[in-house]
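Please read the structure below before turning to the comments.
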Protein chains: 2
Amino acid sequence: MPDPNALPIYQRTAERLIREIAAGRLLDGERLPPERDMAVSLGISVGTLRKSLADLQSRGLLERRQGSGNYIRHQPEASGVYAFFRLELAKGGGGLPTAEVLSVARLEKPRPAPGFGPSPEAHRIRRLRAVGGVPAALEEIWLDGARAERIAPRDLSESLYLFYRDRLGLVISRVEDRLGTAPVPDWTEAPFGPTAGQTVGYVERTGWDQEGRAVEFSRTWFDPDRVRYVARMR
Amino acid sequence: MPDPNALPIYQRTAERLIREIAAGRLLDGERLPPERDMAVSLGISVGTLRKSLADLQSRGLLERRQGSGNYIRHQPEASGVYAFFRLELAKGGGGLPTAEVLSVARLEKPRPAPGFGPSPEAHRIRRLRAVGGVPAALEEIWLDGARAERIAPRDLSESLYLFYRDRLGLVISRVEDRLGTAPVPDWTEAPFGPTAGQTVGYVERTGWDQEGRAVEFSRTWFDPDRVRYVARMR
DNA sequence: AGGAATTTGTGCGTATGTATC
DNA sequence: AGATACATACGCACAAATTCC
């Protein structure tokens with residue numbers, strides 16, 4: 001008798017494989033066993049396994065080659081929509097973008113936010129973003145509570161979207177950014193160039209997953225004298 | 001015997017449905033017949049049809065509700081590059097965006113602009129943009145002089161990008177927007193809510209044609225109290 | 001309120017096609 | 001050419017969600 005609370009087999013299988021990849025037991029470039037063999041060893045049908053594999057493929061974690069095999073793709077490279085939105089220095093030149101996690105907390109969702117995700121709670125991640133070593137923006141990200149049990153600051157040491165993909169199996173496939181100006185918030189965590197209350201550039205973002213569900217909401221305050229917000233569309 | 005050059009049935013079916021939507025034969029919100037019925041009328045199996053429908057869903061054209069039905073999701077303004085960048089009212093609600101041409105002139109290119117096009121001259125088009133009847137932004141577009149001999153204001157009565165496409169054979173296929181804040185310029189042409197010199201939202205855009213040549217440069221000042229600049233990425 | 005009917009979601013099995021080795 | 005492996009397509013049974021009466 002199946003557990004009524006359990007996720008579908010194909011989802012459990014996909015998440016299991018994602019965990020294997022995140023844990024390093026499946027390495028980049030590695031070839032999986034043939035689908036028939038995998039299905040047998042997992043105790044599921046080939047069709048169900050194929051649905052799991054298609055899921056991994058759509059998340060960019062697997063490359064499927066007809067006649068050849070299924071290959072793990074675990075590149076820590078930028079993929080997906082975030083490559084198209086970035087902060088860069090206002091006065092020419094590059095400058096490496098970095099992000100320092102200031103705090104992580106699980107809280108009730110903020111009220112002025114648009115609806116996202118099923119949970120009444122969300123993880124609030126506050127970051128101080130810098131470009132070329134210069135603090136340039138404050139960022140507050142709200143991730144729906146149903147997506148992760150707990151998040152520790154060191155989970156996010158690499159990159160936020162890698163954490164999403166590798167640890168949560170979450171790929172943000174569509175975002176909408178709303179831009180304007182807003183006063184700098186008064187955070188206890190952050191030293192930031194402009195004084196609290198001063199009007200700066202402001203971006204509000206909603207992020208959706210592949211199934212079209214809103215899962216993320218974020219706000220960024222940036223110093224327009226130091227940094228520009230860039231959106232690129234192909 | 002199946003044509004070896006033909007696409008798979010599920011792909012052909014998906015494209016057929018997409019064409020139906022694009023042609024307006026399937027309207028937004030419309031409910032499709034039950035999958036079993038559709039499959040019969042298309043002469044394919046339910047499984048194959050379901051794969052086509054999943055394709056449409058992943059493209060955001062279809063919403064599938066278990067126990068209810070499959071519903072067309074078609075936002076006609078969501079096509080083309082410029083659909084991804086728009087102004088909308090800050091306080092919810094739609095509101096028809098309009099643009100009034102204030103002046104058109106052929107001038108030397110502005111100096112602080114990034115390079116675009118081969119000519120030393122460019123057409124400068126100034127527009128007053130409104131949303132829902134309320135003036136919300138000033139816009140200045142520079143189009144490389146080599147792209148057109150002369151431009152009359154009434155050429156632009158319809159839409160700037162229709163003029164580009166239909167009269168100049170120019171399709172903007174990539175844009176990059178840089179956002180920040182800037183003081184309102186002191187134009188003689190324009191009545192605009194905020195006083196000249198006041199700091200407002202500011203967007204600087206470079207536009208490229210299909211061959212990757214930069215051809216257009218524009219600047220927009222918008223009142224962040226009235227209007228938000230929205231960038232959407234798929 | 002509640003049960004029946006409808007509709008999509010999940011899972012399995014099988015046969016055949018096509019690309020790769 | 002043959003074997004291997006993924007892709008496509010079909011059909012069926014049951015589960016889960018929604019809708020209708």
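We name chains A, B, ... by the order of the sequence lines, and we start the count at 1 in each one.
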Please report the shortest heavy-atom distance between B:Phe222 and B:Val203, naming the atom on each side.
CE2-CG2, 3.7 Å

Each nucleotide of nucleotides 5-11 of chain D classed B (base within 4.0 Å of a protein heavy atom), S (only sugar-phosphate) or -, in 5' to 3' order, makes BBBBSBS

Run the ring-centre check on A:Tyr164 versus A:Tyr161 and record whether the distance is less than 6.0 Å.
no

Describe, in one word, how the ring planes of A:Tyr202 and A:Trp221 are oriented to each other, choosing from parallel (under 30°), tilted (30 to 60°) and perpendicular (over 60°).
tilted

Between A:Arg12 and A:Ser52: side-chain donor-acceptor atoms closer than 3.5 Å
no

Non-neighbouring partners of A:Arg106 that pass salt bridge (Lys or Arg N to Asp or Glu O under 4.0 Å), sequence neighbours left out:
A:Glu121

